[in-house]
Amino acid sequence: MSSVSRIGVLTGGGDAPGLNAVIRAVVKTAFNSGIEVVGLEDSFDGLLDESRTRILTPRDVTGILRLGGTILGTTNKGNPFEYPTGDADGHVDYSQRVVDTFTRMKLDALVVIGGDGTLQIAHQFYLMGIPVVGVPKTIDNDIWGTTSCFGFDTAVSFAADAIDRLHTTAEAHRRIMVVELMGRYAGWISLHAGVAGGADVILIPEIPYDVDKVAAHLKERESFGAKFSIVVVAEGARPLGGNVTLVSQAHAGHVERLGGIGAVVASQLGEKTKKETRYVVLGHLQRGGAPTAFDRVLATRFGGKAVELLMRGVFGRMVANNPPDIVPIPLADVVGKTKTVPLDYDLLKTARALGISFGD
Ligand code: F6P
């Protein structure tokens, strides 16, 4: 057993529904075991400046289980190893300052809740001597080693509901409706929401598409009497031999921003099918709002397990969903990898068997 009596907790990267549920579980389980919890604001920024920290008690987390966002704030631009200076490509290494603040604050361990980027930073600090436990978070569901991340179920449920709504307006106008969903380089959200919403075409990053094949599929549907179609496009989808569509390139501490493929595909399909076509981008609506019951439970299990691990002195691990258990896996095995949709995934095969086109 380790002698952990004071821990820090932070949330990093893009927000995902369920972050507050993890914070609540960490605070309550730690408090009930006599451990003090310090909330660190805006990811690792909270360890650059002590004034951005506050002690969290069960009273501070009452009522946050159902809230989206994060009471601690978050950022996807504050990597302490490459902290942006604000100049064109300038950055500075603040990592030692983080370690010094951690020591000065008499913290014994850190719970880091974040996606691939944040977990990578957590692993680097673990190698520098900070006892860390990681909690995987992302609507994209692309973190290696865990079957699911909280936030994903909420994003999929919202997107499926949106696709339901598109059906009625598409049918009324006999249109093709294209809907662009998030997910970065993984097609999990699009595949699951597309199947749940009854889409006719699903384009995902793992399967480069041929727009002529998509158009042919939609025309064929028409010849069978279907007067409208729903096309789901993942933001990271790309045509055969082509590239992803970007809103902006990567620069100084900022990753590249994906987006725009929905408009491109809609315009091409309109031309090729001669049918009226519209597109909609769901964007950050997929990250907002209350977490589903599934995500609240998963987030709570992750938070509870993280505290159990650090009480046992198990560090440098990420809690992972491996049904029916939540298990610790080495952060070293997780970082630098992306869990994409396997081409032999049963849902992918079933979707094809149902007649859904992936444009290949
Ligand atoms: O990783 C989560 C995610 O929502 C992606 O699906 C999306 O590409 C990205 O974050 C958007 O990030 P930002 O909030 O910086 O626009």
Side-chain angles (χ1 to χ4, degrees), residues 11-20 22 42-45 68-70 72-79 82 84 112-122 134-146 148-160 162 179-194 202-206 232-238 243-264 280-289 291-292 295 298-299 318 334-341:
T11 53
D15 68 328
L19 283 171
N20 282 325
V22 183
D42 304 326
S43 190
F44 287 94
D45 282 11
T70 159
L72 291 175
T74 188
T75 173
N76 50 13
K77 296 187 274 298
N79 180 352
E82 285 179 48
V112 175
I113 313 166
D116 47 357
T118 306
L119 293 172
Q120 180 133 28
I121 296 168
V135 176
K137 157 273 13 165
T138 173
I139 64 165
D140 303 340
N141 201 36
D142 61 353
I143 297 180
W144 192 90
T146 181
S148 41
C149 295
F150 63 88
F152 174 64
D153 186 63
T154 308
V156 167
S157 302
F158 176 81
V179 54
E180 179 183 311
L181 302 182
M182 280 185 164
R184 293 197 73 76
Y185 311 105
W188 297 103
I189 298 179
S190 292
L191 177 60
H192 281 245
I202 303 174
L203 305 179
I204 59 175
E206 293 83 351
V232 169
V233 188
E235 63 179 1
R238 62 191 165 86
N243 287 321
V244 290
T245 309
L246 296 182
V247 172
S248 60
Q249 304 274 354
H251 62 283
H254 301 246
V255 294
E256 66 183 13
R257 284 181 57 207
L258 298 162
I261 189 68
V264 172
V280 59
V281 180
L282 293 194
H284 294 80
L285 290 169
Q286 292 159 97
R287 280 185 6 202
T292 58
D295 281 339
L298 183 61
M318 180 189 86
V334 172
V335 298
K337 296 180 189 160
T338 303
K339 186 187 72 179
T340 52
V341 176

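Please read these numbers as outputs of a predicted model, since none were measured by experiment. We use all heavy atoms of the structure for the numbers below, so side chains are in, but hydrogens, waters and symmetry mates are not. Start at 1 and go down the list; that is how both ligands and their atoms are numbered.
- Here CD1 of I261 is found 8.0 Å from CG of L203. Values are rounded to the nearest 0.5 Å.
- Using a 4.0 Å heavy-atom cutoff, H284 is listed among the residues neighbouring ligand 1.
- A side-chain contact (heavy atoms from CB on, under 4.5 Å) with M318 is found for one member of V135, V112, V334 and no other, namely V334.
- Considering only non-hydrogen protein atoms, atom 2 (C) of ligand 1 sits nearest to D140 OD2, 3.3 Å.
- The protein heavy-atom contact nearest to atom 8 (O) of ligand 1 is E235 OE2, 2.5 Å.
- Ranking protein heavy atoms by distance to atom 11 (C) of ligand 1, first place goes to R287 NH1, 3.5 Å.
- Across L119, T338, V335, a single residue satisfies side-chain contact (heavy atoms from CB on, under 4.5 Å) together with I143, and that is L119.
- Note: an N/O pair closer than 3.5 Å links G183 and ligand 1 by distance alone.
- Checked against P17 for a side-chain contact (heavy atoms from CB on, under 4.5 Å), the options T70, D153, I139 give a single hit: I139.
- Checked against S190 for a side-chain contact (heavy atoms from CB on, under 4.5 Å), the options V156, V233, I202 give a single hit: I202.
- At a heavy-atom distance under 4.0 Å, only side-chain atoms of N76, from C-beta outward, approach ligand 1.
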